[in-house]
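Each remark here refers to the structure printed beneath this line.
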Amino acid sequence: MASAIIERVEIDDFCEPPQVAGPGFINFRLKPSFLARCLEAVPGGDDPLAARVGIEPTRDAQTIVIDLSSPNLAKEMHVGHLRSTVIGDCIARVLEFEGHTVHRENHVGDWGTQFGMLVAYLRSVQPEVADKPDDIVIADLESFYVQAKARFDADDDFGRESRDTVVALQRGDPSTRRIWKAFCEESLRHCHAIYDRLGVRLIDRGESFYADLMEEVIRRLEAVKKADGFVRDSEGALCVFPEGFTTRDGLPLPMIVRKSDGGFNYATSDLATILHRVDTLKADRIIYVVGLAQKQHFAMLFSAVRRLGWVDQKVSFEHLGFGNVLAADGRPFKTREGGTAKLGKLLDEAVKRARAVTQDQPADGRPSIRTLSPDQADAVAEAVGLAAVKYFDLAHALQSDYKFDLNTMLAMEGNTAPYMLYAYARIRSIGRKAGVDFAALPSDQAIILEHASEISLAKKLLQLTETLDVVSRELRPNVLTDYLYELARAFSRFYDKKIGVRVVDATPENVRTSRLRLCDLTARTLKLGLHLLGINTVEQM
RNA sequence: GCGCCGGUAGCUCAGCGGAUAGAGCAUCGGAUUUCUAAUCCGAUGGUCGCGGGUUCGACUCCCGCCCGGCGUACCA
């Protein structure tokens, strides 16, 4: 059968004669001339598609909401928020690149009983905030919370005051609200210092934003409530009972939407966000980038929304769950003191280590030829350190836990950000060395693929489109990191003095130009790919 | 108890129906008078947790076990 297929296919213009290779396999080998034609067709220079390496936006754009990051404003952001933020941002970038309208929704926790405690504590330790709420400064949110909690546990009067403050807050008492708002804004400033550093932009929408919509959720549920129905009261709480979920005792498991004390919880606000996202933002697709631990919660939420018929069938809901970040010993990530590891500190540490890496000298004692000024070295360290953390996170399959290991993520060898950034910087340096502006390379000159390393680099370059298809369809960032790593390796071989080819001093001129164009295409592909991961490139390092 | 996610080379991880299971690190051995060696080439190393089944073909799908983690009504 295979030979019958081989005889009949007409693919001479782009493929070598196919060969039967064992039972069930036919090998097709694309002709270098065809690969070259494909690469020649990629727009360059000042073409608007040059930075997109020729990839056109989709024709059926959707409106997509991505729920990401979502820290609790009561505390400092910690490692736990890293994955949601970095993965969510990457997915958003990929979908935006495809041409979709993306809303990055930061569903921050700014509501609930702990805020009564925090406001009461703030009032007692910084009484002046009542008059000047905008002057509030809390250097360390984490210890502020710990102190408030300690007082709450030890002091009954303060406990009562805290509970009264929650009530006042929810009733809308102006003075309480003012202090609460000041606290939240201060906490958000801490968050955005990190977002800015990570290059992540998103829209903050706290639980409090949904206060009216939560009431609307309750009204709608009350309207369809029946004694033994899908929506009913149970043990004093208003509940939805999606099918197929049970408690330890095998009884139907409710999603509690209004607690028996009348308060709301995350199910209430998650339902409210859906109303906002569907009715106001007009979302076609909603993606929740939240840890795998909440898988059941989202399964119940989506099931409930479908059953309630609150959204059009064509709106899709996806929980993009991910595993935990563990310490190097495989245990939950804690500081030496046992507290949660603050994200800001972790990034500082990564950048500090990256700075040391930029000081590395060649192993054999030759002098380094790096010419970075201290300021440039600082900038490179910042870029490399943050890139290392992000890249390492994104390079892991989403569902698996991974060990946060600065040594591995900052290694210059292997599938790491430093290797990738170096490959890019190295290519840019070739352009400088050759005295050419990549953007001005003549795009009408042929690409010539003769050497094995040129052909395999060309094949890799041409896999960008299908790689991005997989990434956006399956929402898997590590498919992109793997591709970029393979591309960088293919380039290292192409450029290797032993197994590769000469570039800057290649002759004749048309071969040199062809190879420089391959360099340019590789640089643009790496830059685009890293950009979609949320990683900035550097021109030298 | 039930459900979900892991269990792949000494270590860190990819692969998740197709051809001899791949990288990096580590170990050992090569290249090199640089187009920035943060490189390249090679070797060693794996009954893909265990046992059944489906299939022409299973790390990949199904069933049952064993480990580890998480979830399982008023935290998120």
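Labels below follow one simple rule: chain letters A, B, ... track the order of the sequence lines, proteins then strands, and each chain is numbered from 1. Nothing here was measured: the structure is a model prediction, and the numbers come from that model.
- Under a 4.0 Å N-O distance rule, the pair A:R219/A:E215 does not qualify as a salt bridge.
- With B:U39, B:U72, B:U36 as the choices, the nucleotide that has an atom nearest any side-chain atom of A:D496 turns out to be B:U39.
- Rounded to a whole Å, the CZ atom of A:F25 is 12 Å from the C1' atom of B:U20.
- Taking atom OH of residue A:Y495 and atom C1' of nucleotide B:C35, one finds them 3 Å apart after rounding to whole Å.
- A:S187 places no side-chain N or O within 3.5 Å of a backbone atom of A:C184 that could act as its donor or acceptor partner.
- Looking at heavy-atom distances under 4.0 Å, A:A293 makes contact with sugar-phosphate atoms alone, never a base.
- Considering only residues two or more places apart in sequence or on other chains, A:F152 meets the ring-ring contact (aromatic ring centres under 6.0 Å, His included) condition with none of them.
- Counting any heavy atom pair closer than 4.0 Å across all strands shown, A:N265 reaches sugar-phosphate atoms only and no base atom.
- Taking atom C1' in both B:A21 and B:G17, the straight-line distance is 14 Å, to the nearest Å.
- Counting distance only, with no hydrogens placed and no angle test, the side-chain atoms of A:N27 and the base atoms of B:A19 include a donor-acceptor pair under 3.5 Å.
- Helical stems of RNA chain B (runs of at least 3 Watson-Crick or G-U pairs, donor-acceptor distances under 3.5 Å) are listed by first residue: B:1-7 with B:66-72, B:10-13 with B:22-25, B:27-31 with B:39-43, B:49-53 with B:61-65.
- Between A:K498 atom NZ and B:C35 atom C1' there is a gap of 17 Å when expressed in whole angstrom units.
- Straight-line distance from the CZ atom of A:F241 to the P atom of B:U72: 16 Å, rounded to whole Å.
- Remark: A:S492 is not in phosphate contact with B:U39, judged by side-chain N or O atoms under 4.0 Å from OP1 or OP2.
- The phosphate of B:U36 (OP1 or OP2) has a side-chain N or O of A:K433 nearer than 4.0 angstrom.
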Check nucleotides 6-14 of chain B against the protein and report each pair of N or O atoms closer than 3.5 Å, with its distance, or say if there are none.
residue	atom	partner	partner atom	Å
B:U12	OP1	A:K403	NZ	2.6
B:C13	OP1	A:K403	N	3.0
B:A14	OP1	A:A397	N	2.7
B:A14	OP1	A:S400	OG	2.7
B:A14	O3'	A:N478	ND2	3.4
B:A14	O2'	A:D482	OD2	2.8

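- Cation-pi geometry between A:R307 and A:F230 is met: the NZ or CZ atom falls under 6.0 Å from the ring centre, inside 45° of the normal.
- B:C40 sits 8 Å from B:G24 when the P atoms are compared, rounded to a whole Å.
- Of the C1' atoms belonging to B:A9 and B:C5, the separation is 23 Å, rounded to the nearest Å.
- Residue A:R515 is tested with A:E509, A:E450, A:E454 for a salt bridge (Lys or Arg N to Asp or Glu O under 4.0 Å); the sole match is A:E454.
- The main-chain N or O of A:G263 is never found under 3.5 Å from a side-chain atom of A:R258 such that the two would form a donor-acceptor pair.
- Nucleotides B:G45 and B:G29 have their C1' atoms positioned 15 Å apart, rounded to a whole Å.
- In this view, A:A425 and A:M541 satisfy the side-chain contact (heavy atoms from CB on, under 4.5 Å) rule, not counting sequence neighbours.
- In this structure, A:H78 atom NE2 and B:A76 atom C1' are separated by 11 Å, rounded to whole Å.
- One P atom belongs to B:G7, the other to B:G15, and the distance between them is 10 Å to the nearest Å.
- When ring centroids are compared, A:Y288 and A:F302 come within the 6.0 Å threshold.
- Residue A:Q114 is classed as having no contact, given no heavy-atom separation below 4.0 Å to the nucleic acid.
- Here the two rings, on A:H396 and A:F322, have centers that are 6.0 Å apart or farther.
- Closest contact between the side chain of A:R426 and the listed nucleotides B:A19, B:C35, B:A73 involves B:C35.
- Among the heavy atoms of the strands lying under 4.0 Å from A:S429 is at least one base atom, whether or not backbone atoms are also near.
- A:K497 has no side-chain polar atom (N or O) that falls below the 4.0 Å cut-off from OP1 or OP2 of B:U33.
- Here the two rings, on A:F298 and A:F317, have centers that are 6.0 Å apart or farther.
- No side-chain donor-acceptor contact under 3.5 Å links A:N510 and A:T513.
- Remark: the separation of the P atoms in B:C62 and B:C16 is 15 Å, to the nearest Å.
- Taking 3.5 Å as the limit, the base of B:A38 and the side chain of A:Y422 contain no donor-acceptor pair of atoms between them.
- B:A58 sits 14 Å from B:A19 when the C1' atoms are compared, rounded to a whole Å.
- Checking each of A:I274, A:I286, A:V240 against A:V305 for a side-chain contact (heavy atoms from CB on, under 4.5 Å) leaves exactly one that passes, namely A:I274.
- With rounding to whole Å, A:M255 atom CE is found 19 Å from B:G71 atom P.
- Comparing A:L292 and A:V501 by the nucleotide of RNA chain B whose heavy atom lies nearest to each, the residue mapping closer to the 5' end is A:L292.
- Ring centers of A:Y422 and A:Y419: at least 6.0 Å apart, outside the cut-off.
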| query | Can A:K225 and A:E222 be said to form a salt bridge (charged side-chain N to carboxylate O under 4.0 Å, His left out), step by step? | reply | CA-CA 5 Å; A:K225 191 169 81 178; A:E222 287 285 357; 2.9 Å; yes
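- For A:S234, the listed nucleotide lying nearest its side chain is B:A73; candidates were B:A76, B:U36, B:A73.
- Distance from the side chain of A:Y419 is smallest for B:U39 among the nucleotides B:U39, B:A31, B:A73.
- By the salt bridge (Lys or Arg N to Asp or Glu O under 4.0 Å) test, A:D393 pairs with A:R83, sequence neighbours left out.
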| field | Protein-to-nucleotide contact annotation, 5' to 3' order, nucleotides 23-29 of chain B [B base; S sugar-phosphate only; - none; under 4.0 Å, heavy atom] | value | SSS----
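- In the set B:U39, B:U36, B:A73, B:U36 carries the atom at the smallest distance from any side-chain atom of A:R432.
- If you find the closest nucleotide of RNA chain B to A:E235 and to A:I26, the one lying nearer the 5' end belongs to A:I26.
- In this structure, A:I499 places its CD1 atom 7 Å from C1' of B:C41, rounding to the nearest Å.
- With rounding to whole Å, A:F245 atom CZ is found 11 Å from B:C4 atom P.
- Taking atom C1' on both B:C59 and B:U20, the two are 15 Å apart, rounded to the nearest angstrom.
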